[in-house]
Amino acid sequence: MQKKLFGTDGIRGEAGKFPLDGPTATALGGALGDWARHHSPDPEVLIGVDTRESGYWLAQAVAAGLVQSGVRVRYAGVVSTPAVAYLTKEGPFVAGAMISASHNPYHDNGIKVFAHSGYKLPDAAEAQLENEIVLRLQRSTADGIAPDLAADPALVELYLDRLASASSGLAGLKLVVDCANGSASVLAPRLFERLGAQVHAVFCQPDGRNINDGCGALHPEQLRDQVLASGADLGIAFDGDADRAIFVARNGKLLDGDWVLLLCARHLAAQAKLPAGNQCVVATVMSNLGLERALAAEGIRLARTAVGDKYVLEEMLRLGAPLGGEQSGHVIYLDYATTGDGMVTALRVIEAVRWSGKRPDELADELPVYPQKLVNVRVSRRLPLESLPGVQHAIREAEAAFGDSGRLLVRYSGTEPLARVMVEGPDLPMVEHYAHAIAETILAELGAEQV
């Protein structure tokens, strides 16, 4: 069965509209409840939310379906996605559901489902849930009494205790922390202060609608200004559900996921924690060519996957690689978490910086960055790109022009109605020329609009 509801990061959409409406969320809860009862004689499912105004009622809708299926529910309240993954694995839960649309604006939301392993459900299980959701909606059994949900604060403490135990401390560090008005608002300042850092927290007053709004990992400009003004040692920006982190050095230099992978790969290699005979790090096709070549100079191979943390994770498990991630700052450190965790990433980055004996701004210059241009084209339909002759001709023309000195990637987004064109190479004008040429061809053949 081809999945239609689940994308690369759970079910995603505009809150209140299919598939993020109440009946569908309740149907998902019922389907997940049936799945849970097949995996445990006395199942309990954990639910967490980020700070969106739609989070609580969606959690209630999912809980209604679970209760209807005879499954107990525990509510963590506002937590991060990696917190739900960790607590699901370490607690008595057969599954966990996180209500979040990650880096998307407040009017969107999503539902991510984790198995007791702490990993997101495999494609086969998601397809099974989809089939059951459709049947429940057809039978009009997707209504249920929405239970009141009281957050259990002990769950947050368990998660923070785990993170704190994996750090040697942050004494003497001055940090600016951008919480994106999201999940990190109630987690990150407490953790970093507990570990001894001097913390200046910004964008940590969520009102249900300001999550990711001009702040956080997607908008680090104001964090940069704060770091420069305060002379902080490091700036850290999370996204809405705190599964990714972007950094700003003292001199204002932006440090993305590629920089994190290079720094942390070197640290792991020095500790002999990369697999012997198979020293590799996993990233997606979006990671810069400069990362691949910098790692190669260290004797470390870069294995690439399709865009999406689930694909990164699958390849990490297949290769036995302890480190992988995305340029966006979504980094997976398997020794500490089963999914990307922005706060784990921050702690590991600080540890690696201290090991290096250098400042982050000095380390920033060690990653050669090839000019890269990303152009998004909003589409109303998704014809296979290989079926569009003009697009294929434009791609072949760009590939011939760059040869081995560049890369290009043309794909549809897994979470938004967009075609994405990425071109990378040593010459910026050439990169921009071919990126716009391919995007304009998509516009012409699909009748879409550039964004």
Side-chain angles (χ1 to χ4, degrees), residues 5-6 10-81 83-101 106 108-116 121 129-130 132-159 183 186 206 208 211 241:
L5 299 180
F6 284 88
I11 297 176
R12 191 77 65 90
E14 186 174 345
K17 298 181 180 180
F18 180 84
L20 265 299
D21 57 304
T24 308
T26 300
L28 168 62
L32 180 59
D34 289 348
W35 181 90
R37 285 189 295 104
H38 280 93
H39 289 78
S40 171
D42 183 26
E44 184 175 22
V45 171
L46 174 69
I47 299 178
V49 300
D50 67 18
T51 58
R52 294 162 213 273
E53 63 181 11
S54 59
Y56 183 73
W57 68 257
L58 276 168
Q60 284 185 301
V62 173
L66 287 164
V67 171
Q68 191 179 64
S69 292
V71 174
R72 291 179 292 114
V73 174
R74 199 171 332 171
Y75 183 53
V78 174
V79 291
S80 63
T81 291
V84 169
Y86 169 76
L87 292 167
T88 300
K89 179 182 179 183
E90 299 300 324
F93 308 108
V94 67
M98 177 66 185
I99 313 297
S100 174
Y106 85 91
D108 291 340
N109 217 322
I111 305 174
K112 312 175 189 183
V113 183
F114 295 90
H116 178 65
L121 290 186
L129 290 183
E130 280 200 9
E132 180 62 25
I133 290 169
V134 171
L135 291 175
R136 285 175 173 270
L137 290 172
Q138 290 173 344
R139 295 196 304 262
S140 298
T141 59
D143 294 323
I145 298 175
D148 290 331
L149 298 173
D152 182 351
L155 293 170
V156 170
E157 295 308 314
L158 284 172
Y159 173 63
S183 296
V186 297
I211 186 170
D241 65 340

For this session: Return the minimal non-hydrogen interatomic distance between Thr51 and Ser183, and the atom names on each side.
Result: CG2-N, 4.2 Å
Problem set entry | Ser40 (side chain) donor-acceptor with Ala36 (main chain) under 3.5 angstrom | no
Exercise. Which heavy atom in Arg37 sits nearest to a heavy atom in Gly70, and how many Å separate them?
Worked result: CD-O, 4.5 Å
Problem set entry | Between CG on residue Asp241 and CG on residue Asp50, distance to nearest 0.5 Å | 6.5 Å
Exercise. Got a second to check how far Ile11's CD1 is from Thr24's OG1, nearest 0.5 Å?
Worked result: 8.0 Å
Exercise. For Leu129 and Phe6, what are the C-alpha separation, side-chain angles and deciding distance, and is it a side chain to side chain contact (heavy atoms under 4.5 Å, CB included)?
Worked result: CA-CA 9 Å; Leu129 290 183; Phe6 284 88; 4.1 Å; yes
Problem set entry | Set of residues satisfying side-chain hydrogen bond (donor to acceptor under 3.5 Å, both in side chains) with respect to Tyr159, sequence neighbours excluded | Asp341
For this session: Determine, step by step, whether Trp35 and Val113 satisfy the side chain to side chain contact (heavy atoms under 4.5 Å, CB included) criterion, reporting the C-alpha distance in whole Å, the side-chain angles of both residues, the deciding distance to 0.1 Å, and the verdict.
Result: CA-CA 12 Å; Trp35 181 90; Val113 183; over 6 Å; no
Problem set entry | Exercise: identify the closest heavy-atom pair between Thr88 and Ala115 | CG2-O, 3.3 Å
Exercise. Would you find a donor on one side and an acceptor on the other, under 3.5 Å apart, between the side chain of Thr26 and the backbone of Ala61?
Worked result: yes
Exercise. Can any side-chain N or O of Asn109 pair as donor or acceptor with the backbone N or O of Ser100 at less than 3.5 Å?
Worked result: yes
For this session: Taking salt bridge (charged side-chain N to carboxylate O under 4.0 Å, His left out) as the test, write out the residues that go with Asp21, two or more places apart.
Result: none
For this session: Considering non-hydrogen atoms only, spot the tightest contact between His116 and Gly91 and give its length.
Result: CE1-O, 3.3 Å
For this session: Side-chain contact test, heavy atoms from C-beta onward, threshold under 4.5 Å: evaluate it for Val49 versus Leu58 and give yes or no.
Result: no
Seminar exercise, completed: The residue among Leu87, Leu46, Thr81 that forms side chain to side chain contact (heavy atoms under 4.5 Å, CB included) with Phe114 is Thr81
For this session: Measure the CG-NZ distance between Asp108 and Lys17 for me, rounded to the nearest 0.5 Å.
Result: 10.0 Å
Problem set entry | Distance, nearest 0.5 Å, that separates OG of Ser69 from CD of Glu132 | 8.0 Å
For this session: Look at the side chain of Glu130 and the backbone N and O of Leu5, then say whether any donor-acceptor pair between them is shorter than 3.5 Å.
Result: yes
Exercise. Rounded to the nearest 0.5 Å, how far does CG of Leu137 lie from CG of Leu28?
Worked result: 10.0 Å
Exercise. Which value, rounded to the nearest 0.5 Å, describes the distance between Gln60 atom CD and Asp148 atom CG?
Worked result: 6.5 Å
Exercise. Can you check whether Leu32 reaches Val45 side chain to side chain, under 4.5 Å on heavy atoms?
Worked result: yes
Problem set entry | Nearest atoms (heavy-atom pairs only) where Ala59 meets Tyr75 | CB-CE1, 4.1 Å
For this session: Any chance you could lay out the side chain to side chain contact (heavy atoms under 4.5 Å, CB included) test for Val62 and Ile111, step after step, and finish with the verdict?
Result: CA-CA 9 Å; Val62 173; Ile111 305 174; 3.9 Å; yes
Problem set entry | Pairing residues for Glu44 by the salt bridge (charged side-chain N to carboxylate O under 4.0 Å, His left out) criterion, not counting sequence neighbours | Arg72, Arg74
Seminar exercise, completed: In terms of heavy-atom contacts, Ser80 and Met98 come closest through C-CE, 3.9 Å
